[in-house]
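Below: one structure, written as structure tokens.
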Amino acid sequence: MADVDVLGIVGAGFMGSGIAESAALAGKHVVVHEPEQAPLDRSRAGLERSVAKAVARGRLDEAGAAGVLDRVVYTTDIGGLRAADAVVEAIMEDPKVKGKLFQELDRLLPDARFLASNTSSIPIAEIAAWTQRPERVLGLHFFSPVPVMSLVEVVDAVDTGQEALDDACDFAASIGKHTIRTKDRSGFIVNMLLVPYLMSAIRMYEDGFATAEDIDEGMKRGCGHPMGPLTLCDFIGLDVMYAIGESLFEEFKRADFAPPPLLKRLVVSGHFGRKSGRGFYDYSGSRAAA
Ligand code: 3HC
């Protein structure tokens with residue numbers, strides 16, 4: 001069993017950047033790939049901010065911070081991933097786009113320990129089927145914000161090999177994450193439980209049963225959740241919530257997974273939550289906006 005010293009990441013969004021930060025903090029070298037330069041620049045700026053905050057709070061010294069920044073490199077050239085011992089993909093939730101990417105990664109990295117997808121709900125088997133070596137393909141599902149959340153779901157698909165699973169679990173442990181294993185069903189363990197709860201909160205609000213603030217305060221103060229459900233939807237991204245709900249509904253045909261009409265209306269209107277400035281709340285004033 002070989003260690004993963006160099007991690008490749010495809011996708012420089014919130015999740016990919018968070019995975020890069022966690023891995024670099026644990027001493028790994030990281031190559032982050034995106035075809036466009038702008039998301040890479042945003043990812044780098046985010047890492048610099050996060051590292052500066054860690055120094056200000058006394059969690060990292062100046063040398064440690066410089067080390068983290070040095071260990072993460074960014075490239076628009078997918079060939080840059082050849083240096084990686086393993087890859088985690090964190091791109092848009094589209095099975096065909098992911099499938100084509102894995103086909104390319106499979107060709108590019110014949111010796112990689114594993115090729116993992118951070119998908120929340122797309123079947124790993126469907127992604128693995130695009131490759132010649134499906135035994136190396138598995139799910140590594142991180143939680144947002146990745147540097148703070150200690151969980152990773154390790155998803156074992158029909159053709160995933162034991163060696164790849166063991167290597168992936170060892171890798172996750174080496175960057176300080178706790179792993180739980182799950183079979184390859186849409187939603188895995190956490191979203192299977194979380195999504196019906198979040199969709200119920202949206203339906204409750206849509207029905208006019210209570211205000212967004214009261215629904216959120218109810219779960220924060222009544223159950224000790226760090227964020228209420230509508231704030232959490234805005235944090236995850238309403239487009240992401242919609243895609244996960246659709247995938248779960250398609251897999252199980254159960255109404256509690258189906259995205260409510262209001263969620264669809266917000267998404268088609270470009271209100272994706274915190275990242276677009278408006279979702280259930282308006283982030284210029286933090287009032288209920290939907
Ligand atoms: N990157 C790095 N560190 C971060 C961070 C980020 N993006 N966001 C917050 N932090 C750190 C802060 O620096 C701070 O650290 P410190 O105390 O050492 O300085 C600590 O986290 C707490 O942050 P804040 O004081 O700014 O704010 P809060 O105390 O309100 O915590 C939160 C923020 C951690 C996001 C908390 O509200 C929370 O846990 N929310 C719930 C998140 C959750 O449920 N995530 C799972 C989503 S589901 C998912 O991801 C699956 C997907 O498939 C949908």
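The shown structure was predicted, so the numbers you read here are calculated from the model rather than taken from an experiment. The residues of the chain are indexed from 1 along the displayed sequence. Atoms within a ligand are numbered from 1 in the order they appear, just like the ligands themselves.
Distances from atom 8 (N) of ligand 1 to the protein include at least one heavy-atom value under 4.0 Å. For atom 15 (O) of ligand 1, the nearest protein heavy atom lies under 4.0 Å away. Distances from atom 22 (C) of ligand 1 to the protein include no heavy-atom value under 4.0 Å. Distances from atom 27 (O) of ligand 1 to the protein include no heavy-atom value under 4.0 Å. For atom 37 (O) of ligand 1, the nearest protein heavy atom lies closer than 4.0 Å. Remark: atom 41 (C) of ligand 1 lies closer than 4.0 Å to at least one protein heavy atom. Counting protein heavy atoms under 4.0 angstrom from atom 4 (C) of ligand 1 gives one or more.
Residues Ile189 and Thr182 meet the side-chain proximity criterion, which asks for heavy atoms closer than 4.5 Å. Side-chain contact between Ser174 and Val4 is absent, with no heavy atoms from C-beta onward closer than 4.5 Å. Residues Glu135 and Thr160 form no side-chain contact, since every pair of their non-hydrogen atoms from C-beta on lies 4.5 Å or further apart. Side chains of Asp159 and Val137 form no contact here, defined as non-hydrogen atoms less than 4.5 Å apart.
Taking 4.0 Å as the cut-off, Leu194 counts as a neighbour of ligand 1 on heavy-atom distance. At a 4.0 Å cut-off, at least one heavy atom of Ile244 sits close enough to ligand 1 to count as contact. At least one heavy atom of His141 lies less than 4.0 angstrom from ligand 1.
We find that Arg185 and Glu251 are not joined by a salt bridge, their nearest charged nitrogen and carboxylate oxygen being 4.0 Å or further apart. Salt-bridge annotation for Asp156 and Lys183: present, with a side-chain N of the basic residue lying under 4.0 Å from a carboxylate O of the acidic one. For the pair Glu104 and Lys100, the salt-bridge criterion is not met [side-chain N within less than 4.0 Å of a carboxylate O].
Taking every heavy atom of Pro145 and a limit of under 4.0 angstrom, the matching atoms of ligand 1 come to 5 (C), 6 (C), 7 (N), 8 (N), 35 (C). Under a 4.0 Å criterion applied to the non-hydrogen atoms of Arg57, ligand 1 contributes the atoms 16 (P), 17 (O), 19 (O). Listed by number with element, the atoms of ligand 1 under 4.0 angstrom from any heavy atom of Lys53 are 12 (C), 13 (O). Below 4.0 Å from some heavy atom of Met227 lie the following atoms of ligand 1, by number and element: 35 (C), 37 (O), 40 (N), 41 (C). Using a 4.0 Å cut-off to heavy atoms of Ser120, the atoms of ligand 1 that qualify are 53 (O). Close approach of ligand 1 to Ser144 (heavy-atom distance below 4.0 Å) involves ligand atoms 42 (C), 43 (C), 45 (N), 46 (C), 47 (C), 50 (O). Listed by number with element, the atoms of ligand 1 under 4.0 angstrom from any heavy atom of Val148 are 3 (N), 4 (C), 5 (C), 9 (C), 10 (N), 11 (C), 21 (O), 34 (C).
Of all the heavy atoms of Met241, none lies under 4.0 Å from any atom of ligand 1, so neither backbone nor side chain is involved. Only the side chain of Leu232 comes within 4.0 Å of ligand 1, counting heavy atoms alone; its backbone N, CA, C and O stay farther away.
Of the protein's heavy atoms, Arg59 NE, 2.8 Å lies nearest to atom 18 (O) of ligand 1. Regarding atom 1 (N) of ligand 1, its nearest protein heavy-atom neighbour is Pro147 CG, 3.7 Å. Summary of contacts: the protein heavy atom closest to atom 49 (C) of ligand 1 is Phe143 CD2, 3.4 Å. The shortest contact between atom 39 (O) of ligand 1 and any protein heavy atom is with Met149 CE, 3.1 Å.
Any N or O atom pair closer than 3.5 Å counts here, and Ser50 shares no such pair with ligand 1. Close N/O approach between Asn191 and ligand 1 is found [any backbone or side-chain N/O within under 3.5 Å].
Using a 3.5 Å distance cut-off with no hydrogens or angles, the side chains of Tyr74 and Asp41 do not pair a donor with an acceptor. Checked by atom type, the side-chain pair Lys28/Ser22 shows no donor-acceptor distance below 3.5 Å. Counted by atom type alone, Thr75 and Asp77 present zero donor-acceptor pairs between their side chains at under 3.5 Å.
Ring geometry for Phe235 against Phe14 counts as perpendicular: the plane angle is over 60°, on a 0 to 90° scale with 30° as the lower cut. Taking the six-membered ring where the residue is Trp, Tyr197 and His225 present perpendicular rings, their angle passing 60° and hence far from 30°.
Checking each of Asp170, Asp85, Asp167 against Arg113 for a side-chain hydrogen bond (donor to acceptor under 3.5 Å, both in side chains) leaves exactly one that passes, namely Asp167.
Both Met15 and Leu7 belong to a single network of hydrophobic side chains, linked directly or stepwise wherever heavy atoms of I, L, V, M, F, W or Y lie under 4.5 Å apart.
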Worked check of side-chain hydrogen bond (donor to acceptor under 3.5 Å, both in side chains) between Ser50 and Glu21: CA-CA 9 Å; Ser50 193; Glu21 182 174 335; 2.6 Å; yes
